[in-house]
Amino acid sequence: MPTSVPASAGTPPARPSPADRIVCALPVVGGAAAIIEYLYMPSLPGSTLTWTYVWFMGALTCATLVGLVASLASERAYEPEGLRADPHRRDRVLAST
C-alpha cells in the first residue's frame, strides 16, 4: 500500500514569531518571580526560611534559561540543509514563499 507524503514535507518550517519567543521566556520570568517571592514575602510565625526551595527553583530556572538560549541561537534549524550551502538560492526560495 503506498504511503502518502504530506504536501508540506519539502517546505521549510515557519520561523518563530516574537510572540512565540516571549512565551518561551515566561517560565524563566516565573521562576525568578517565585524565588524573589519566597525570599522577600514574610513567612508564617515560627517557620524558617530553607534554601532547598531556592536552590531547586534556581536550578530549574537556569536549566530553562539554557534551553531558551539554545533554542533562540538555533536559527539554522529553520533552514533546510540544501539551502545553507548556497545563500543566493536560500534568498530566492524564501522570497518565493
Using residues 25-42 as the side-chain source, report each donor-acceptor pair under 3.5 Å to any protein atom, sequence neighbours left out, with the distance given to one decimal.
{"residue": "Y38", "atom": "OH", "partner": "T50", "partner atom": "N", "Å": "3.2"}
{"residue": "Y38", "atom": "OH", "partner": "T50", "partner atom": "O", "Å": "3.2"}
{"residue": "Y38", "atom": "OH", "partner": "T50", "partner atom": "OG1", "Å": "3.2"}

Could you give the side-chain donor-acceptor pairs of residues 56-63 under 3.5 Å, partners two or more places apart or in another chain?
{"residue": "T61", "atom": "OG1", "partner": "M57", "partner atom": "O", "Å": "2.7"}

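With sequence neighbours left out, the side-chain hydrogen bond (donor to acceptor under 3.5 Å, both in side chains) criterion links T52 to no other residue.
No continuous path of ILVMFWY side-chain contacts below 4.5 Å connects V69 to I22, so the two sit in separate hydrophobic clusters.
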